[in-house]
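As C-alpha cells, the structure follows; a few thoughts come after it.
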Amino acid sequence: DDRDVVGCDVRKRIEQMLGVIQPAAEDLPERMVSWRELRSQVASVASWLRGAGVQRGDRVAALLPNGLEALVGVLATASLGAIWSSCSPDFGATAVSDRFRQIEPVVLFAVDGYRYAGKNFDVRATVGALGRELPTLRHTVLVTGLDDVPASGTVDWNDVLATDGSDAGFAPMAFDDPLWVLYSSGTTGLPKPILHGHGTMLLEHAKQLSLHLDLGPGDRFFWFTTTGWMMWNLLISGLAVGATLVLYDGSPARPDLRVLWQLAERIGITYFGVSAPYLQSCAKAGVHPARDVDLAAIRGVGSTGAPLSPEGFGYVYERVKADVMLSSLSGGTDVCSAFVGGVPL
C-alpha cells in the first residue's frame, strides 16, 4: 500500500539495491545495476518487442554472452508471454542454426563479437548467416562492442533501450505456459529442443536456490557459465529469491586460475559456483585461495558439470574454506535443474 510509510521505505530501499553486478573482465568495464534500473531496461525492451509485433507464444532467440543484455532480454521476452532461447556466441554458425531453425524465432538478439583470453572474436558473419537461414526472422537487434557500429539491416541495442517503457506490464501466464527452450547436446542427430514452463521453472528454481543452496536477499550469487548452458537459466533465477546476480563473461584462466577467486574477493560473492573440472584444475595448479585472497564473504561453493572427486572435496575444504557449504550438483538440461543438490542442514 503506497500510503504505508514503512512499506514505501522498504520498497524504495529494495529498488535501490543492486540487482546485477557485471564485473570488469577481459578489459571490459564493470557495470552495477539496481533493481529499479533493471526493471526500467526490461520495460523498455518489452515495449520495443511489443512494437515489433512480438506476441504471446512467439520465439525470441539470442546469441549473447552472459551479461546484462541477455538478462534484460529474457525478462522482457517472458513479460510478454513470448518464448526465449539462447546460445553462446562461441558456438559455430552451424551449431546455432541447427538449434534456432527448429523453433522459428521472429526476433534475434545478437552481439557483434566478444573478448576471450585477451583476443577479440568477430561473430558478425554468424549473425549474417542466421539472418539468411532463419526465414521467420523479422528483426535482428545488435549489441555492438567490437567497433560500436551497428551492421546494416540491424537495430541498435541502444535504440531499443531508448524505447518508452512506461506502459509496459507483465502478461499473466498459466502455470504450464512455455517460458524458454533449451537443447540437448546433439550427439545423436540435431540438438533436440526442450521446452520448460513458467510455473515449473519458477517453483523448481526457487526450491533449488532457496532450500538447497540457501540463497536469499543480500546474497551475491555467481556461477561461471555461458548462455548456452542450463546453469545460466538457474543463475538468473537468483532474482526470484532476492539475490544479486554476478554475471561474468571471460576466461577463467586469464591471467591465471586465480582470477575467479580474486573476483570473489573484489565483489564480495557469497555463493561461488563453478565446474568440477575448474576446481580440479586449481588443485593441480597449486592455487591456494584461502592464502591468497580474502574469502570471508563466501558461504557456499557449488560444483557441477561433472562429478567432483574426493580429492576435489578435500581441495575445497583445505585450500578454499574449511567451513564452507560445498554442494556437488547433478542435474541436466531436460529438467533445467538438479536431481542432486545441497543440504544446508
Side-chain angles (χ1 to χ4, degrees), residues 18-33 38 41-42 45 60-78 84-91 95-96 99 108-121 123 126-127 141-146 157 180-183 201 205 209 215 219-240 243-254 259-264 266-267 269 271-275 277-278 302-305 329 333 336-337:
L18 290 176
V20 182
I21 301 173
Q22 187 165 323
E26 299 285 342
D27 304 321
L28 296 174
E30 184 171 278
R31 292 193 284 183
M32 307 185 82
V33 179
L38 177 61
Q41 290 196 24
V42 169
V45 175
V60 173
L63 187 67
L64 293 172
N66 176 22
L68 181 61
E69 292 83 7
L71 176 64
V72 170
V74 66
L75 295 176
T77 298
W84 173 266
S85 187
S86 60
C87 286
S88 175
D90 63 326
F91 282 26
V96 179
R99 289 161 169 78
L108 172 68
F109 290 107
V111 69
D112 63 354
Y114 63 96
R115 190 167 177 81
Y116 188 86
K119 299 178 181 178
N120 288 333
F121 293 86
V123 298
T126 299
V127 175
V141 177
L142 196 66
V143 180
T144 58
L146 292 182
W157 170 260
W180 52 46
V181 176
L182 279 66
Y183 303 90
M201 282 294 89
H205 285 180
L209 297 173
L215 285 169
D219 277 308
R220 294 191 168 189
F221 180 34
F222 165 80
W223 209 292
F224 184 77
T225 181
T226 71
T227 57
W229 188 23
M230 52 81 39
M231 289 307 300
W232 179 77
N233 301 75
L234 183 67
L235 169 65
I236 64 173
S237 290
L239 293 173
T244 296
L245 305 185
V246 181
L247 306 178
Y248 184 83
D249 183 65
S251 170
R254 183 179 185 266
V259 64
L260 296 185
W261 303 109
Q262 292 165 344
L263 168 73
R266 189 169 79 249
I267 301 298
I269 289 170
Y271 199 94
F272 183 87
V274 287
S275 67
Y278 173 78
S303 170
T304 192
L329 311 183
T333 304
C336 194
S337 185

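Here the structure is a predicted model, which is why all the values come from computation and not from measurement.
Note that the OH atom of Tyr183 and the OG atom of Ser86 stand 8.5 Å from one another [nearest 0.5 Å]. Atom CE of Met230 and atom CG of Leu235 lie 11.0 Å apart (nearest 0.5 Å). To the nearest 0.5 Å, atom CG of residue Leu263 and atom CD1 of residue Ile269 are 4.0 Å apart. How far CG of Leu64 is from CG of Leu142: 9.5 Å, rounded to the nearest 0.5 Å. To the nearest 0.5 Å, atom OG1 of residue Thr225 and atom CG of residue Leu234 are 9.5 Å apart. In this structure, the separation between OG1 on Thr333 and CE on Met231 is 11.0 Å, given to the nearest 0.5 Å.
The aromatic rings of Trp157 and Phe109 sit perpendicular, their planes meeting at an angle over 60°, well past the 30° parallel limit.
When all heavy atoms of Pro23 and Leu247 are compared, the closest pair comes out as CD-O, 3.0 Å. What you find for Val74 and Leu71 is that their closest heavy atoms are CG1-O, 3.1 Å. The heavy-atom pair separating Ile236 from Leu245 by the smallest distance is CA-CD1, 3.6 Å. Annotation for Leu260 and Pro252: closest pair CD1-CB, 3.9 Å, computed over non-hydrogen atoms. Shown here for Gly238 and Phe221, the closest heavy-atom pair between the two residues is CA-CD2, 4.1 Å. Taking both residues in full, the closest heavy atoms of Val127 and Ala110 are given as CG2-CB, 3.7 Å, listed atom of the first, atom of the second, then distance.
Leu75 is not listed as a side-chain neighbour of Gln41, based on a closest heavy-atom distance of 4.5 Å or more. Looking only at side-chain heavy atoms (C-beta outward), Val111 and Leu63 stay at 4.5 Å or farther from each other. Here the side chains of Leu239 and Leu38 are in contact, with some heavy-atom distance below 4.5 Å. Phe222 places none of its side-chain heavy atoms less than 4.5 Å from the side chain of Ile267.
The salt bridge (charged side-chain N to carboxylate O under 4.0 Å, His left out) search around Arg220 returns none, not counting sequence neighbours. Not a single ring pair (Phe, Tyr, Trp, His ring centres under 6.0 Å) links Tyr248 to another residue, sequence neighbours left out. In this structure, the salt bridge (charged side-chain N to carboxylate O under 4.0 Å, His left out) partners of Asp219, at least two apart in sequence or on a different chain, are Arg299. For the ring pair (Phe, Tyr, Trp, His ring centres under 6.0 Å) test, residues two or more places apart in sequence or in another chain that qualify with Phe121 are Tyr114. For Trp223, there are no ring pair (Phe, Tyr, Trp, His ring centres under 6.0 Å) partners, not counting sequence neighbours. Applying the salt bridge (charged side-chain N to carboxylate O under 4.0 Å, His left out) test to Arg266 and every residue at least two apart in sequence or in another chain returns nothing.
Residue Trp232 forms a side chain to side chain donor-acceptor pair (under 3.5 Å) with just one option from Thr227, Asn66, Thr226, and that option is Asn66.
One N or O on the side chain of Gln22 and one on the backbone of Leu68 form a donor-acceptor pair closer than 3.5 Å. Side-chain N or O atoms of Glu26 include one that pairs as donor or acceptor with a backbone N or O of Ser251 at under 3.5 Å. Judged by distance alone, with hydrogens and angles left aside, the side-chain atoms of Ser275 form a donor-acceptor pair with the main-chain N or O of Tyr278 at under 3.5 Å.
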- request: Might you work through the side chain to side chain contact (heavy atoms under 4.5 Å, CB included) test for Cys87 and Arg99, ending with a clear yes or no?
  value: CA-CA 9 Å; Cys87 286; Arg99 289 161 169 78; 3.5 Å; yes

